[in-house]
Amino acid sequence: MFRFSAASKSAARTHVRHYAADFPLLDELFPGTYPRLLVEGDGTDLIDSEGHRLLDAGNHLGACVVGHGRHDMAEAIAAQVRSMEFASLEAGASHPYVAELALELAGRVPVDDAVFSFTSSGSEANEVAVKIARDYHRRRGESGRFKILSRYGSYHGSSYAATTATSIPAFREPFQPLVPGFVSLPQPFPGFCPSCSFEEKSCGESCFEQTAAVVEREGPETVAAILAEPISIPGAVKVPYPEYWPRLRELCDRYGILLIADEVVSGFGRTGAMFACDHWGVRPDMLTMAKGLTSGYVPMGATAVSRRIQEAFEVSPLAHVNTYAGHPVASAAALATLQILDDERLVENAAAHEDGLRQRLEEIGDETPWPTRASVRGLLGSLEIRLPEDADAERFRSLLWHESYEHGVVLRVTRGGQTVSVFFYPPLTITGDAMDSGLGRLAAAVRQVVRATAEGSGADDAARRTERLP
Ligand code: PLP
């Protein structure tokens, strides 16, 4: 096991940029406690430097599908390092590891006769998709088709085009000016467009009419692609109404627009289907993936492109070079992940947990005195809690993350205004008992933070209870 010194904790704090952590607030609430050091993974659990065992219901950010610390994954990766750790795809060179992976993926991905550009992350996979979309139209003599349409409330990554496609002001505003030619479309889930509220029951017809209206207003002959996650997750697990994706496909076909599905989070079984597009039988022109592709054991992403699009690149390849494209060790990790997903029927397991997860999140929401909304597909679930105007929502968010950890569950808690969103998405290997136990712990944490917040004494109460870890 990795040996860490006592200095690790302070070095993590002083020498490493962490995202989504407000250390000054955490210090004020829980002096000397943060950052927590996670040092070991075991199945659905993570173990911290103090020996506390935690259900990983979201620390992995959607990457972990086959579970942590697996010896079969370790062996596949180690064998690849021993035989050939790295060779690039430069000029005429290739290797069988990436070729085997591409064949395996081609049989699974809902893209016609797919060709893969391998990358090191989901952001880069989206970057490549945007480049391909623009270059594809240019090569066919339509260089006026350059606009990329994405949706309010969607996240597509951290590189510049992906940041520009991310229609969430907090991720975009600090980095202006962004990439030209990006336009926002409605998000098919209530509460995420500028003119729509959390209380509305469904978006339905009007959302789609607005989507088509934006395309027509922009001029369909100027639109290169629509980039969208089948199920978008910032703020909530935003499951669209059933007709949305088939209609989006029709709209793209009508105007010669490419449809790019960002399955970086939803791919590889997370939503109870191998890819979320499969829920609606939709075949995009491009599909981007990462995270579950290697279950997070080694970083890797990919952009799958249909043969029809690829044909435009047969004479001269896309001018996007990346040293680690198709990295042999990542390829081995991806092949092992696919094998485990099949052997252990993990996609089916994700689907089987959907109803129970929804019911439990709804019950947890019903226990709070405030409006809540649970949303679930497969093993991807969220509970939004709408706090009263006078509540300190940022403090609530920090307390809830902390209390969940204290109860033995590590998950994601985010905030948009007065809405705090808790996400619950454990590895797909989870059993019914572990689900019950994890959700029971989350329920206890929510109850405690809600009570403390309603009584206005949250910080002090929570700070006193740091001894309860299993
Ligand atoms: N697309 C979606 C839907 C994501 O959720 C993410 C990351 O969370 C990305 C793209 C970016 O992936 P990465 O962080 O690997 O660059």
Side-chain angles (χ1 to χ4, degrees), residues 17-20 56 58-65 117-131 133 148-168 170-172 175 179 182 184-185 187-189 192 225-240 245 259-271 275-277 284 286-304 320 322 324-325 327 330 333-334 337 375 377-382 411-414 416 421 423-425:
R17 179 180 70 86
H18 292 70
Y19 44 84
D56 184 1
N59 173 272
H60 58 88
L61 304 181
C64 187
V65 291
S117 290
F118 288 99
T119 67
S120 305
S121 69
S123 301
E124 192 193 352
N126 284 327
E127 208 72 27
V128 169
V130 167
K131 284 183 169 179
I148 306 293
L149 276 42
S150 60
R151 292 137 357 130
Y152 293 112
S154 284
Y155 181 79
H156 294 292
S158 51
S159 52
Y160 248 99
T163 292
T164 310
T166 293
S167 202
I168 301 174
F171 286 113
R172 291 161 53 109
F175 310 114
V179 180
F182 284 66
S184 298
L185 293 173
Q187 176 72 238
F189 194 80
F192 287 87
I226 294 180
L227 168 62
E229 321 95 305
I231 298 174
S232 168
I233 61 168
V237 173
K238 305 193 281 289
V239 183
W245 269 86
L259 180 59
I260 308 169
D262 176 346
E263 295 242 21
V264 169
V265 167
S266 57
F268 303 98
R270 171 60 53 197
T271 70
F275 290 95
C277 282
M286 288 188 249
L287 185 150
T288 58
M289 62 194 89
K291 303 201 188 230
L293 171 59
T294 54
S295 197
Y297 278 76
V298 181
M300 184 183 231
T303 310
H320 179 93
N322 47 337
Y324 295 128
H327 195 287
T337 300
S375 182
R377 195 80 205 239
L379 269 174
L380 185 59
S382 65
L411 35 67
R412 292 196 73 214
V413 189
T414 65
S421 307
F423 292 86
F424 191 93
Y425 45 96

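Hydrogens, waters and symmetry mates play no part in the numbers below; they use all other heavy atoms, side chains included. Each ligand, and each atom within it, is numbered from 1 in the order the structure gives.
A donor-acceptor contact shorter than 3.5 Å links the side chain of S295 to the backbone of V65. Put simply, the side chain of S421 gets close to the backbone of G235: a donor and an acceptor are under 3.5 Å apart. The main-chain N or O of C64 is found under 3.5 Å from a side-chain atom of R270 such that the two form a donor-acceptor pair.
For S123, heavy-atom contacts with ligand 1 shorter than 4.0 Å involve the backbone as well as the side chain. With a heavy-atom cut-off of 4.0 Å, T288 does not touch ligand 1 at all. In E124, neither the side chain nor the backbone holds a heavy atom less than 4.0 Å from any atom of ligand 1.
For K291, a nitrogen or oxygen atom sits less than 3.5 Å from a nitrogen or oxygen atom of ligand 1, counting backbone and side chain alike.
If you number the atoms of ligand 1 from 1 as listed, the ones under 4.0 Å from a heavy atom of N126 come out as 1 (N), 10 (C). Close approach of ligand 1 to G122 (heavy-atom distance below 4.0 Å) involves ligand atoms 11 (C), 12 (O), 13 (P), 15 (O), 16 (O). Counting the atoms of ligand 1 from 1 in the order shown, those under 4.0 Å from a heavy atom of E229 are 3 (C). Remark: ligand 1 atoms within the under-4.0 Å shell around heavy atoms of S121 are 15 (O), 16 (O).
Of the protein's heavy atoms, Y155 CD2, 3.7 Å lies nearest to atom 4 (C) of ligand 1. The protein non-hydrogen atom at the shortest distance from atom 9 (C) of ligand 1 is V264 CG1, 3.7 Å.
For the pair R151 and E229, the minimum side-chain heavy-atom distance is below 4.5 Å.
Looking at V265, T119, L293, D262 and measuring to atom 1 (N) of ligand 1, the nearest heavy atom belongs to D262.
A side-chain N or O of S123 and one of S158 form a donor-acceptor pair less than 3.5 Å apart. With hydrogens and angles left out, the side-chain atoms of S154 and Q187 include a donor and acceptor closer than 3.5 Å.
The closest approach between E263 and ligand 1 stays at or above 4.0 Å for every heavy atom of the residue.
Of all heavy-atom pairs spanning F182 and A161, the tightest one is CE2-O, 3.6 Å.
Between H60 and Y425, the ring center distance clears the sub-6.0 Å criterion.
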